[in-house]
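To start, the structure itself, in structure tokens.
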Amino acid sequence: MKIKISLREIYPFYQTDIRVEVEEEMARELRQFELIESAYDLKRYRNRAYFSLNREDGIEQEALHNVASPEELLLHKASREELYQALCQLPDKRVQRIYAHYILGMSKVAIARLERVDESTVRKSIERGLNRLEKLLKTE
């Protein structure tokens, strides 16, 4: 089922009211976003959590651009390289499962369905992989 929405309500910079048809699910998502945004604005107002960006004391730059120091960047790079080296020492299947679960955000059940194996197999594989990673990273 299609529902007509006004683009001017979503994009205030529109000069004329343009109505388009969208699926009911999309209209519901847009409405949900509006409700969340309104709740956030109300919470910010009630807690007096608004700042002037033209105050010129640098607070907005500090909040928007948290620049890491060279030492922090170097430590982060070294940590990442150590992690990659440790991952290379694991079996490919465990690396794939850890990546799918922690990086891609897939559930263990979804990974099991995709691989057509039991969920407990995936769970144990990830646990063993993480334990091995922990041992490898502690020794380095």
Side-chain angles (χ1 to χ4, degrees):
M1 183 170 136
K2 298 231 180 207
I3 296 175
K4 282 193 171 194
I5 62 168
S6 170
L7 289 179
R8 190 169 187 200
E9 291 175 6
I10 299 170
Y11 305 108
F13 55 84
Y14 272 40
Q15 298 298 318
T16 59
D17 191 22
I18 300 172
R19 300 185 76 67
V20 294
E21 284 188 3
V22 296
E23 294 293 328
E24 185 177 357
E25 183 178 346
M26 177 60 78
R28 205 172 30 246
E29 288 294 322
L30 287 169
R31 180 66 183 140
Q32 183 67 26
F33 177 76
E34 286 176 20
L35 292 173
I36 291 169
E37 194 72 19
S38 295
Y40 174 75
D41 288 343
L42 183 59
K43 184 178 180 181
R44 191 176 61 187
Y45 172 77
R46 285 183 179 158
N47 292 300
R48 293 181 177 84
Y50 37 83
F51 305 99
S52 172
L53 293 180
N54 62 358
R55 189 169 164 190
E56 296 188 20
D57 63 353
I59 191 170
E60 70 277 1
Q61 289 299 322
E62 190 176 309
L64 294 175
H65 305 288
N66 187 8
V67 180
S69 69
E71 294 86 11
E72 291 172 328
L73 292 172
L74 187 62
L75 283 173
H76 182 69
K77 183 179 179 184
S79 298
R80 196 172 50 233
E81 286 175 1
E82 287 177 30
L83 177 62
Y84 290 152
Q85 288 174 355
L87 280 170
C88 287
Q89 295 179 36
L90 296 179
D92 288 341
K93 197 57 117 172
R94 286 188 184 161
V95 174
Q96 290 170 357
R97 289 173 177 164
I98 289 171
Y99 181 82
H101 183 63
Y102 289 100
I103 305 299
L104 299 179
M106 293 176 66
S107 69
K108 293 170 185 167
V109 173
I111 297 169
R113 269 194 227 124
L114 190 65
E115 294 181 2
R116 296 185 180 154
V117 296
D118 190 49
E119 186 266 339
S120 64
T121 305
V122 172
R123 185 173 22 85
K124 289 176 187 173
S125 175
I126 290 174
E127 286 173 9
R128 288 181 183 139
L130 292 176
N131 288 337
R132 181 73 179 130
L133 272 178
E134 184 179 20
K135 289 176 185 172
L136 288 170
L137 291 172
K138 279 185 179 178
T139 60
E140 292 181 5

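Smallest separation of non-hydrogen atoms from Arg19 and Lys4: NH2-O, 4.0 Å. Across every non-hydrogen atom of Ala27 and Ile3, the tightest pair is CB-CD1, 4.2 Å. Ala100 approaches Ile111 most closely through the heavy-atom pair CB-CD1, 3.7 Å.
Tracing side-chain contacts under 4.5 Å through hydrophobic residues (I, L, V, M, F, W, Y), one never reaches Phe33 starting from Leu30; they form parts of separate clusters. A continuous path of Ile, Leu, Val, Met, Phe, Trp and Tyr side chains, each step under 4.5 Å between heavy atoms, connects Leu83 with Ile126, placing both in one hydrophobic cluster. Hydrophobic cluster membership differs between Val122 and Val109, with clusters built from Ile, Leu, Val, Met, Phe, Trp and Tyr side chains linked at under 4.5 angstrom.
With rounding to the nearest 0.5 angstrom, the CZ atom of Arg97 is 14.5 Å from the CG atom of Leu104. Taken to the nearest 0.5 Å, the CZ atom of Arg113 stands 12.0 Å off from the CG atom of Asp118. Rounded to the nearest 0.5 Å, atoms CG (Asp41) and CD1 (Ile36) are 12.0 Å apart. Note that the CG atom of Leu87 and the CD1 atom of Ile98 stand 6.5 Å from one another [nearest 0.5 Å]. Summarising the geometry, atom NZ belonging to Lys135 is positioned 12.5 Å from atom CG belonging to Leu137; distances are rounded to the nearest 0.5 Å. Rounding to the nearest 0.5 Å places NZ of Lys124 at 10.0 Å from CD of Glu119.
Panel note: side chain Ser38, backbone Glu34; a donor-acceptor pair is recorded below 3.5 Å.
Using a 4.0 Å cut-off between charged side-chain N and carboxylate O, Arg28 and Glu25 make no salt bridge.
In this structure, Lys2 and Glu24 have side chains that are not in contact, with every pair of non-hydrogen atoms separated by 4.5 Å or more. Contact annotation: the side chain of Met106 never approaches that of His101 to less than 4.5 Å [non-hydrogen atoms, C-beta and beyond]. With a 4.5 Å cut-off on side-chain heavy atoms, Leu130 and Glu127 do not count as touching.
For Asp92, the CG atom sits in a loose shell: 12 or fewer heavy atoms of surrounding residues, nucleotides or ligands are nearer than 6.0 Å.
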